[in-house]
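Have a look at the structure below, then the notes.
Just so it is clear, the model here is predicted, and its values are computed rather than measured. Below, read A as the first sequence line, B as the second, and so on, with proteins coming before strands; counting in each chain starts at 1.
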There are 2 protein chains.
Amino acid sequence: MAIEAYAEKNCSIAKPLSFLGERWTVLILRDLFLGRRRFDEFQASLGVATNVLSRRLTTLTEEGIVERRRYSEHPERFEYVLTEKGRDLQPVLLALLAWGDKYTAEKGPPLEVVHGDHAFHAVQICSVCGEPVDSHNVHSRPGPGANSEQRRANGRRAPEWLAR
Amino acid sequence: MAIEAYAEKNCSIAKPLSFLGERWTVLILRDLFLGRRRFDEFQASLGVATNVLSRRLTTLTEEGIVERRRYSEHPERFEYVLTEKGRDLQPVLLALLAWGDKYTAEKGPPLEVVHGDHAFHAVQICSVCGEPVDSHNVHSRPGPGANSEQRRANGRRAPEWLAR
DNA sequence: ACCGTGACTTGCGAAATGCAAGCGACCAAC
DNA sequence: GTTGGTCGCTTGCATTTCGCAAGTCACGGT
């Protein structure tokens, strides 16, 4: 109960987690990015319980991440495809993938992401100056949308990676 | 039970989810990146139940994401700091943050990440050619670590965003 | 008439989570 | 010198979520 309450709390990391944090959701998204789109395809690929799959797809639809689209009238059959909002989650998946490949893929990556004709990993750069971003040259501060509590809590504070 | 079994399944997205997928874990990481390091600090910031917090910190320690470090002998007191492996998760958090700011922050971002002296968002580029990566110019294929099942399942298949 | 497919729903037991309380070793104040 | 507070937890019990197996409904094929 408590985490749903927390997700309300004006935090741009907590908000997407309100649905991404539910089990299976990210794996369903992975399947969507791989081109899967039908209920039974997800079920066969993941082995997820059908009631849970059903609920997750409903939530993703409600959140506007996927569109539930009828592809057959008689009988009624549906497929699920990513919306623009859903495709915008790709960086999250690519970041997870890059980390997983680095730390958990002893035999090399099970899946390669391909840009043009070359396999790659996603690297993050600064939207303003274009320099590479890493944990040592980034810190944070309250933004324009911060409430007074956040201004207090996240005001000047040395990030841990600067404090040794 | 089933999702733990799935996480064993040679997938670089599923593997990190085995611990990141547990509730609160990503928010604890966010706090760690904000410089928080003590048990009660996390508890006060998140309102998470203390038994859950205790288990999450144990898991993160076991996974090598944080280091549990004694900062006082009498009485024994501990703090938690990110390891290199943990700091490497920053792209995941930045990607979540960028999405959250775009789609959920009506009043502007509650928190700004700062590079040098400018607030920014993380943008992903291709590690090979340096071009921007977006959902329309990426597809996937089995990699060197793929097993035969994965070669079959993820072989030539048009990603959904190419198939209209 | 029967089997198979696709997209689900239902019922029920198991596991994860939440809440409140307590604990042990201090320290600082009255 | 006892009360009160801090810190980092653990324990017990209620609630919520999840997993599993089965069933359903509308077809379509043979």
Polar pairs (N or O, both sides) under 3.5 Å between protein and nucleotides 3-5 of chain D?
none

Heavy-atom distance under 4.5 Å between the side chains of B:T25 and B:T59, does that happen here? no
Starting at the 5' end of DNA chain D, which residue's closest nucleotide do you reach first, A:V48 or A:P75? A:V48
Atom-to-atom span, CZ of A:F78 to C1' of D:dC25 - whole angstrom: 13 Å
Selection from C:dA7, D:dG8, C:dG18 that lies nearest to any side-chain heavy atom of B:W24: C:dG18
Strictly below 4.0 Å: does B:R23 bring a side-chain N or O up to OP1 or OP2 of D:dC18? no
Side chain of B:D40 (C-beta onward), nearest among D:dC7, C:dA7, D:dG19: D:dC7
Side-chain cluster (under 4.5 Å, hydrophobic types only) that A:V123 belongs to, other residues: A:I125, B:V123, B:I125
Measure from CD1 on A:I3 to C1' on D:dT15 and round the result to the nearest Å. 16 Å
Just to confirm, is there a sub-4.0 Å distance from OP1 or OP2 of C:dG6 to any side-chain nitrogen or oxygen of A:Y80? no
Name the nucleic acid region contacted by B:F39, choosing base, sugar-phosphate or nothing; use a 4.0 angstrom heavy-atom cut-off, strictly under. base
B:Q43 side-chain N/O to B:F39 backbone N/O, donor-acceptor pair under 3.5 Å: no
If you compare every side-chain N and O of B:Y71 against the phosphate oxygens of D:dG8 (OP1, OP2), does one of them come in below 4.0 Å? yes
Begin with the C-alpha distance, continue with both residues' side-chain angles, and end with the deciding distance and a verdict on side-chain contact (heavy atoms from CB on, under 4.5 Å) for A:V138 and B:F33. CA-CA 10 Å; A:V138 169; B:F33 277 107; over 6 Å; no
A:R77 CZ - D:dC25 C1' separation (whole Å): 10 Å
Near-strand residues of residues 53-66 of chain A, defined as heavy-atom separation under 4.0 angstrom from DNA chain D: A:R56
Report yes if some heavy atom in the side chain of B:V48 is under 4.5 Å from a heavy atom in the side chain of B:F42; otherwise report no. no
For nucleotides 10-14 of chain C, which of its nitrogen or oxygen atoms have a protein nitrogen or oxygen under 3.5 Å away, and what is each distance?
unit_1 : atom_1 : unit_2 : atom_2 : d
C:dG11 : O6     : A:N51  : ND2    : 3.3

Starting at CD of B:E41 and ending at C1' of D:dC9, how long is that distance when rounded to a whole Å? 16 Å
So, B:Q150 and B:N10: side-chain donor and acceptor under 3.5 Å apart, yes or no? yes
Taking CG from B:L46 and C1' from D:dG8, how many angstroms apart are they, rounded to a whole number? 16 Å
Identify all side-chain donor-acceptor contacts of residues 97-112 of chain A below 3.5 Å with residues at least two apart in sequence or on another chain.
unit_1 : atom_1 : unit_2 : atom_2 : d
A:W99  : NE1    : B:K85  : O      : 3.1
A:D101 : OD1    : B:S12  : OG     : 2.5
A:D101 : OD2    : A:H121 : NE2    : 2.8
A:K102 : NZ     : B:D88  : OD2    : 2.8
A:Y103 : OH     : B:D88  : OD2    : 2.4
A:T104 : OG1    : A:G100 : O      : 2.6
A:E112 : OE1    : B:R141 : NE     : 2.8
A:E112 : OE1    : B:R141 : NH2    : 3.2

Name the closest nucleotide to the A:A49 side chain, picking from D:dC20, D:dG8, C:dA7. D:dC20
Identify whether the distance between the nearest side-chain nitrogen and carboxylate oxygen of A:R55 and A:E62 falls below 4.0 Å. no
Can a side chain N or O of B:R38 be found less than 4.0 Å away from OP1 or OP2 on D:dC7? yes
How many whole angstroms separate atom CG of B:L27 from atom P of C:dG18? 11 Å
Would you check if A:D31 and A:I28 make a side-chain contact, meaning some heavy-atom pair closer than 4.5 Å? no
Could you tell me if the side chain of A:E84 sits less than 4.5 Å from the side chain of B:S135, heavy atoms only? no
Tell me every residue that passes side-chain contact (heavy atoms from CB on, under 4.5 Å) with B:V66, counting only those two or more places apart in sequence or in another chain. B:L32, B:L60, B:T61, B:Y80, B:L82
Distance check needed: C:dA16 C1' versus B:E22 CD, whole Å only. 9 Å
Send over the distance from B:R70 CZ to D:dC9 C1', rounded to a whole Å. 16 Å
Ion pair check, A:E79 and A:R36, cut-off under 4.0 Å: no
